[in-house]
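Throughout, numbering of the chain's residues begins at 1 and tracks the sequence.
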Amino acid sequence: MTTTLITGANKGLGFETARRLIAAGHTVYVGARDAERGRRAADEVGARFVQLDVTDDASVEAAAKTLDAAGGLDVLINNAGIETRTEDNSVPVAATVTADQMRNTFETNVFGVVRVLHAFLPLLQRSAAPVVVNVSSGLGSLAHLSDPDHPAHFYPGIAYPTSKTAVNMLTVQFAKAFPAMRINSVEPGFTKTDLNGNTGTQTVAEGAEIIVRMAQVGPDGPTGGFFDAKGPLPW
């Protein structure tokens, strides 16, 4: 039985990924900051709940102890993420972004990934087929955002794409450091979720497809890569 932990899984892409992996036979832990919402989501899909706030050391360490006591972990999906939005659903641009906004975004999107990886690495190293999926974004691609002909070029925000570029570097470096693990970044696509004020053009079912696929790669699968549903992406 494959045991999988998904951070930020009480709604959106995390919730849909949990549903799909349970259907595929995984034992899934729904990680969520809010206990009530997390338990409700876990009950709805037949998952287990673990309280987990990726910005809090004690919360992450307690979650790792819970999974350790329950038997370990095979797949870690770093899904929790935020994007700073104003009241009119716009994003802070180069002329307005502040250091505090950058720090807040990185606390969840980057430092949260490192915090969770650090806590759960000992459990993953005991797995026969450990997998890590870092939910990134096509907006983290330097190649795409610097290409005037690419659709992502229009995006004016600073904090969110910068954080996802950092996540991609984490993927590269952790994959090199732990070659026995399959560690990859994925781009779900512009999915309709609370993160973007539900302005996305894809359903969560469409967005979760690549997350679910990469969560199930075998020991001979790719590692240290960046993928969307169509295949590899440029950094």
Taking all atoms of both residues into account, what is the closest heavy-atom pair of [X] and [Y], and its distance?
{"X": "S137", "Y": "F226", "result": "O-CZ, 3.3 Å"}
{"X": "A35", "Y": "F49", "result": "CA-CZ, 3.5 Å"}
{"X": "W235", "Y": "G225", "result": "CH2-C, 3.7 Å"}
{"X": "A119", "Y": "A64", "result": "O-CB, 3.8 Å"}
{"X": "L76", "Y": "L117", "result": "CD2-CD2, 3.9 Å"}
{"X": "V30", "Y": "A47", "result": "CG2-CB, 3.7 Å"}

Do the side-chain N and O atoms of [X] and [Y] include a donor-acceptor pair separated by under 3.5 angstrom?
{"X": "T105", "Y": "E83", "result": "no"}
{"X": "H26", "Y": "T2", "result": "no"}
{"X": "S90", "Y": "D88", "result": "yes"}
{"X": "S185", "Y": "T171", "result": "yes"}

How long is the gap from [atom1] on [X] to [atom2] on [Y], to the nearest 0.5 Å?
{"X": "N109", "Y": "F111", "atom1": "CG", "atom2": "CZ", "result": "10.5 Å"}
{"X": "L233", "Y": "S141", "atom1": "CG", "atom2": "OG", "result": "7.0 Å"}
{"X": "D56", "Y": "E107", "atom1": "CG", "atom2": "CD", "result": "9.5 Å"}
{"X": "K164", "Y": "L170", "atom1": "NZ", "atom2": "CG", "result": "10.5 Å"}
{"X": "N104", "Y": "S163", "atom1": "CG", "atom2": "OG", "result": "10.5 Å"}

[X] side-chain N/O to [Y] backbone N/O, donor-acceptor pair under 3.5 Å:
{"X": "T165", "Y": "G140", "result": "yes"}
{"X": "E187", "Y": "G138", "result": "yes"}
{"X": "D74", "Y": "T3", "result": "yes"}

Are [Y] and [X] linked, directly or through intermediate hydrophobic residues, by side-chain heavy-atom contacts shorter than 4.5 Å (ILVMFWY only)?
{"X": "V75", "Y": "F120", "answer": "no"}
{"X": "V54", "Y": "L73", "answer": "yes"}
{"X": "I77", "Y": "V60", "answer": "no"}
{"X": "V135", "Y": "M181", "answer": "no"}
{"X": "I22", "Y": "M214", "answer": "yes"}

Point to revise | side-chain contact (heavy atoms from CB on, under 4.5 Å) assessment of V132 paired with L124 | key: CA-CA 9 Å; V132 176; L124 289 165; 3.8 Å; yes
Do [X] and [Y] have side chains that approach each other closer than 4.5 Å (heavy atoms only, starting at C-beta)?
{"X": "D147", "Y": "H153", "answer": "no"}
{"X": "T7", "Y": "L52", "answer": "yes"}
{"X": "L67", "Y": "L5", "answer": "yes"}
{"X": "D57", "Y": "R115", "answer": "yes"}
{"X": "V186", "Y": "D228", "answer": "no"}
{"X": "R182", "Y": "T223", "answer": "yes"}
{"X": "M169", "Y": "V167", "answer": "no"}
{"X": "I6", "Y": "I211", "answer": "no"}

Donor-acceptor list for residues 91-101 side chains, cut-off 3.5 Å, not counting sequence neighbours:
unit_1, atom_1, unit_2, atom_2, d
T96, OG1, V93, N, 3.1
T96, OG1, V93, O, 3.4
T98, OG1, Q101, N, 3.1
D100, OD1, R103, NH1, 2.6
Q101, OE1, T98, N, 3.0

Check ion pair [X]-[Y] (N to O, under 4.0 angstrom):
{"X": "R40", "Y": "E36", "value": "yes"}
{"X": "R213", "Y": "E209", "value": "yes"}
{"X": "R126", "Y": "D68", "value": "yes"}

Practice item. Go through the steps to decide whether L121 and F174 satisfy the test side-chain contact (heavy atoms from CB on, under 4.5 Å), and finish with yes or no. Key: CA-CA 10 Å; L121 273 172; F174 272 85; 4.1 Å; yes
Check your understanding: Who are the salt bridge (Lys or Arg N to Asp or Glu O under 4.0 Å) partners of R20, not counting sequence neighbours?
Key -> E16
Practice item. Please step through side-chain contact (heavy atoms from CB on, under 4.5 Å) for the pair Y160 and L139, ending with a clear verdict. Key: CA-CA 8 Å; Y160 184 76; L139 296 176; 4.0 Å; yes
Practice item. Step by step, work out the side-chain contact (heavy atoms from CB on, under 4.5 Å) result for V131 and N184. Key: CA-CA 8 Å; V131 172; N184 294 288; over 6 Å; no
Review point. Do T55 and D53 pass the side chain to side chain donor-acceptor pair (under 3.5 Å) test, and can you show the C-alpha distance, the side-chain angles, and the key distance before you say yes or no?
Key: CA-CA 5 Å; T55 69; D53 179 351; 2.7 Å; yes
